Amino acid sequence: MALDPYRRLLKIPGVPALLLVGLLARIPSTAMGITLTLHVAVVLDLGYGKAGLITMASTIGMAIGSPLSGRLVDKHGLRPVLIVTTVAQAAFWACAWTLPFPVLIGAAAVTGLLALPVFSVTRQCLAALVPVAQRRSAFALDSMIVELSYMAGPALAVVGITAFGSGVTMGAIGVGTAAAGLGLIALNPPTRSPEELEQHTAKVPRRQWLTSGLVALLGTAAAATFVLTATELSLVATMNKAGQTEWVGLAVAIWCVYSLIGGFVYGGLSRGFSPLTLIACMGLLTVPVGLVGGGWQWLVLALLPAGLLCAPALSSTVDMLSRWVPAGARGESMGLHGTALLLGGAVAAPIIGAVIDGSGPAWGFVLAGLVGAAMVLVAAPFWSRRPSEARTTPVEEEGAAADEPAPSRV
């Protein structure tokens with residue numbers, strides 16, 4: 001596989017800096033969930049049930065806030081949104097360790113609503129910086145960066161709470177998040193290309209781009225995270241049942257490496273594949289994993305085919321979204337994509353948990369794969385109803401001077 005696509009990508013002005021800041025900014029974000037869970041369950045000694053309530057409150061806030069912040073970026077530009085969310089995150093994490101549980105739940109929900117939109121903003125800005133022909137490589141590389149952040153963030157959070165306590169760890173997350181926000185504010189990457197800024201003179205109504213085809217695309221993104229979350233839970237449960245709990249961290253890390261390899265190869269290919277194909281294959285290849293016997297090494301090896309498709313599947317949904325949605329609505333659509341990813345994982349956890357408890361971990365893999373493939377089948381008939389920017393009929397806004405989206409650099 002040629003490395004030329006990545007060499008050309010990293011020569012584009014602004015792309016290396018955006019990817020680096022995106023990596024560093026995502027690490028504290030990926031550490032937040034496990035930090036809140038361990039703080040409530042272990043430090044406050046309130047159990048994992050109440051810790052789950054904190055996670056649920058934060059997830060609901062993020063699911064609502066992600067498209068909202070994206071819409072505000074489209075309308076007002078990047079910096080105002082980053083300033084508000086950076087201040088909100090710094091304030092919460094500076095005092096979260098002192099809050100009583102009832103207050104913590106409400107604060108977690110509000111903080112989720114005002115989450116720093118580093119994931120969606122990075123992708124939105126990549127779409128602005130990178131020509132359409134190179135976006136598949138860009139989003140594949142971005143997916144690999146996400147994998148690295150998820151490998152680092154939760155592990156650092158566990159080490160921090162174990163060694164220094166939740167107060168210090170939460171303070172470090174606050175400092176890291178504030179630094180991430182300030183870094184993005186200073187970098188201020190464009191959210192639209194110069195050509196898109198010149199062409200944009202009117203608002204594109206939501207009904208013209210939020211079609212049934214786009215909803216189907218968001219459904220496939222949710223299907224991908226359903227499969228991934230369900231697979232992780234089933235993997236952990238299988239190894240716990242076999243008395244191999246001490247190897248869980250290594251097994252998950254190897255699984256992440258599979259995704260990194262798959263994303264690297266996919267981004268260097270001469271052509272991509274439909275998200276429908278990639279996610280359906282990932283689901284179907286997950287089904288037989290539960291049939292593998294022997295030690296944990298064989299289980300991890302069985303995850304190789306589906307694991308290689310993780311990053312390509314997720315990056316293909318972002319690539320398709322960036323092609324389908326007009327530039328003026330890209331922030332909101334990327335926010336909706338983030339919400340779809342959250343919902344897929346959130347729905348998977350209780351469903352697969354119940355299956356594991358009732359029928360065993362092997363059936364968790366089976367259901368994960370079948371549900372993923374079934375969601376793709378449901379989405380397929382709507383695929384042809386995708387939006388097309390070229391066919392949209394812009395509607396001039398009343399009071400255009402007041403309502404027209406601000407330039408990408410403010």
Side-chain angles (χ1 to χ4, degrees), residues 18-39 54-70 73 78 81-94 96-97 107-126 142-161 166 169-187 189 225 228-229 232 256 259 311 314 318 331 334-335 337-346:
L18 176 62
L19 292 173
L20 178 60
V21 172
L23 171 61
L24 298 177
R26 282 162 167 156
I27 290 175
S29 296
T30 58
M32 292 176 181
I34 188 65
T35 299
L36 284 174
T37 297
L38 293 177
H39 173 70
I54 291 288
T55 302
M56 181 179 69
S58 178
T59 300
I60 291 173
M62 287 189 289
I64 297 171
S66 183
L68 177 61
S69 64
V73 169
L78 185 58
V81 175
L82 289 176
I83 290 171
V84 172
T85 53
T86 299
V87 171
Q89 294 298 309
F92 172 77
W93 289 102
W97 63 279
V110 174
T111 304
L113 185 68
L114 297 173
L116 188 68
V118 59
F119 289 86
S120 59
V121 161
T122 302
R123 291 161 180 158
Q124 181 181 3
C125 296
L126 273 178
D142 180 67
S143 289
M144 289 186 277
I145 288 173
V146 171
E147 289 286 0
L148 291 173
S149 66
Y150 272 103
M151 291 172 70
L156 290 173
V158 172
V159 171
I161 290 179
S166 60
T169 304
M170 288 181 170
I173 289 176
V175 171
T177 304
L182 292 172
L184 285 169
I185 291 169
L187 184 63
T225 51
L228 296 177
T229 301
E232 182 177 10
C256 291
S259 179
L314 291 172
V318 184
M334 289 291 180
H337 183 271
T339 296
L341 297 179
L342 283 171
L343 291 178

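These numbers come from a predicted model, not from an experiment. Note that the numbering runs from 1 along the sequence shown for the chain.
The minimum heavy-atom distance linking Ser66 with Thr339 is given by the pair CB-OG1, 3.7 Å. The two residues Ser69 and Pro117 make their nearest non-hydrogen contact at OG-CB, 3.8 Å. The shortest non-hydrogen separation linking Val118 to Ala25 is CG2-CB, 3.4 Å. Nearest heavy atom pair, residue Gly345 against residue Thr229, reads CA-OG1, 3.3 Å. Residue Leu18 comes nearest to Cys125 through the heavy atom pair CD2-CB, 3.7 Å, listed as atom of the first residue, atom of the second, then distance. Contact detail for Ser149 and Leu23: the closest heavy-atom pair is N-CD1, 4.2 Å.
Met170 contributes atom CE, which lies 7.0 Å from atom CD1 of Ile173 (distance to the nearest 0.5 angstrom). For the atom pair Thr85 OG1 and Leu113 CG, the distance stands at 11.0 Å (nearest 0.5 Å). Here CG of Leu184 is found 12.0 Å from CD1 of Ile83. Values are rounded to the nearest 0.5 Å. The structure places CG of Leu156 at 7.0 Å from CD1 of Ile27, a figure rounded to the nearest 0.5 Å. Atom OG1 in Thr59 sits 11.0 Å away from atom CD1 in Ile64 (nearest 0.5 Å). In this structure, CD1 on Ile145 lies 9.5 Å from CG on Leu24, to the nearest 0.5 angstrom.
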Open item on the list: I'd like to know whether Val146 forms a side-chain contact (heavy atoms from CB on, under 4.5 Å) with Arg123, so could you lay out the CA-CA distance, the side-chain angles of the two residues, the decisive distance to 0.1 Å, and finally the verdict.
Closed with: CA-CA 11 Å; Val146 171; Arg123 291 161 180 158; 3.8 Å; yes
TODO: Just do the side-chain contact (heavy atoms from CB on, under 4.5 Å) check on Ile161 and Thr35 with the steps written out, would you?
DONE: CA-CA 8 Å; Ile161 290 179; Thr35 299; 4.1 Å; yes
- [ ] I would like to know whether Gln124 and Leu78 meet side-chain contact (heavy atoms from CB on, under 4.5 Å); could you show each step before the answer?
- [x] CA-CA 10 Å; Gln124 181 181 3; Leu78 185 58; 5.8 Å; no
Open item on the list: Could you go through Thr122 and Val21, starting from their C-alpha distance and side-chain angles, then the distance that decides it, and tell me whether this counts as side-chain contact (heavy atoms from CB on, under 4.5 Å)?
Closed with: CA-CA 9 Å; Thr122 302; Val21 172; over 6 Å; no
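Looking at Phe119 and Leu341, their side chains never come closer than 4.5 Å, going by heavy atoms from C-beta outward. Proximity of Gln89 to Met32: side-chain heavy atoms (C-beta onward) are separated by under 4.5 Å at one or more points. Taking the side chain as every heavy atom from C-beta outward, Leu116 and Ser29 never approach each other to under 4.5 Å. Here the side chains of Val73 and Leu82 are not in contact, with every heavy-atom distance at 4.5 Å or above. Looking only at side-chain heavy atoms (C-beta outward), Arg26 and Asp142 come within less than 4.5 Å of each other. The side-chain heavy atoms of Val121 and Met334, taken from C-beta on, include no pair separated by under 4.5 Å. Contact check for Glu147 versus Leu314: no side-chain heavy atoms found under the 4.5 Å cut-off. Residues Ile54 and His39 are not in side-chain contact: their nearest non-hydrogen atoms beyond the backbone lie 4.5 Å or more apart.
Judged purely by atom type and a 3.5 angstrom limit, Ser58 has no side-chain atom pairing as donor or acceptor with the backbone of Gly112.
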